[in-house]
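Reviewing the structure listed below.
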There are 2 protein chains.
Amino acid sequence: MATTRDRQLVEQWRSIQNSYFRTAGAIDRALEAKFDIGLNEFEILDLVAESEESACRMKALGERTPMTQSAVSKVVDRLEKAGLVSRQTCVDDRRSLFLELTEAGRALHSSAAVEHRALLKENLG
Amino acid sequence: MATTRDRQLVEQWRSIQNSYFRTAGAIDRALEAKFDIGLNEFEILDLVAESEESACRMKALGERTPMTQSAVSKVVDRLEKAGLVSRQTCVDDRRSLFLELTEAGRALHSSAAVEHRALLKENLG
DNA sequence: TCAATGTATATGACGCGTCATTGAATGACA
DNA sequence: TGTCATTCAATGACGCGTCATATACATTGA
């Protein structure tokens, strides 16, 4: 039986969906147009930029985004091909990788971050 | 320059992303496992079920979900192939289509809706 | 009544994310 | 030290959503 509570939940859910899709779509299109990277690429760039000092393992990224391990790997592929990030092998544990922003990556990130924040403000209020 | 306001926005955004991905993922897997339909299929089924009396045009669906027109069309393809929905041509405007739940569609929807609501409650609190 | 323009849906090429699996390195423990 | 299980990351097959278009029908207005 469809309770009022149920309807509330469904409304709340649809509202989250809209919030998410509108915002993600807007940011994605803008970053694509101005910086030629997608939203997920930016998100990873952003995470790498954040953890700059304690050099950033792939593993750690996976824990900070809802993306799959394999998605992260492919996003990093693209970022690396675009020359924005570089994978550094890790001596302590040779299964692991560290990620570093290249100069180009750092530059692009700081411009793109401005746009990103602006669009968040616009869309999330 | 990275203001506190910016950090707040980014936090808020990540929280929405997590909410969305965790919830969508959980529902999608559950529906897939128990009813063999994905989340988007269910969402469309749900919308069709809602507007049952004022027969439901494709067009109207597009306005009620963040999905693309073309995505909706393909979701409906799958639902139709699965025998859950049928497309009825519209006499007034032969470009349009009405959607109807089949018996199987109605049955599946009412079971799946229970699961759906339960998972929303669990994930959105 | 006949363009020209607009609207409702379908379709194909394409990119990306996911799942399952693989390969390589590590750890645990007898 | 030698197995066996575990962990990190990469890869290939696959499904789905998107964009740009196509197709069919409708509407407008001269």
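Hydrogens, waters and symmetry mates are skipped; everything else that's a heavy atom, side chains included, is used. These numbers come from a predicted model, not from an experiment. Letters go in sequence order (proteins before strands), and every chain restarts at 1.
Think of the region where chain A sits on DNA chain D: with heavy atoms and a 4.0 Å cut, that region ends 5' and 3' at D:dT7 to D:dA13.
Of the residues near DNA chain D, A:K59 and A:F21, the one whose nearest nucleotide (by heavy atom distance) lies more toward the 5' end is A:K59. Nearest-nucleotide positions on DNA chain C for A:N40 and A:Q69 put A:N40 closer to the 5' end. Residues A:D93 and A:T68 each lie close to DNA chain C; by heavy-atom proximity, the contact nearer the 5' end of the strand is made by A:T68.
Under the 4.5 Å side-chain criterion, counting only non-hydrogen atoms from C-beta, A:I37 is in contact with A:L84.
Heavy atoms of A:S70 sit under 4.0 angstrom from at least one base atom.
Look at B:S73 and you'll find a side-chain N or O under 4.0 angstrom from OP1 or OP2 of C:dA10.
The pair B:E103-B:R106 meets the salt-bridge criterion, since a charged nitrogen lies less than 4.0 angstrom from a carboxylate oxygen. With respect to the salt-bridge test (charged N to carboxylate O, under 4.0 angstrom), the residues A:E50 and B:R14 qualify.
Looking only at atom types and distance, the side chain of B:D46 has no donor-acceptor partner in the side chain of B:H116 under 3.5 Å away. Checking A:W13 against A:Q8 by side-chain atom types alone, no donor-acceptor pair falls below 3.5 Å.
Under the side chain to side chain donor-acceptor pair (under 3.5 Å) criterion, the residue pairs touching residues 74-87 of chain A are A:E41-A:R78, A:D77-A:R87, A:E80-A:R87, A:S86-A:Q88, with sequence neighbours excluded.
Rounded to a whole Å, the CG atom of A:L97 is 15 Å from the C1' atom of C:dT26. Here C:dG27 presents its P atom at 10 Å from CG of A:D92, a figure rounded to the nearest Å. As rounded to whole Å, 7 Å separates atom C1' of C:dT11 from atom NZ of B:K74.
The base of C:dT9 lies outside donor-acceptor range of the side chain of B:R95, with no N or O pair under 3.5 Å.
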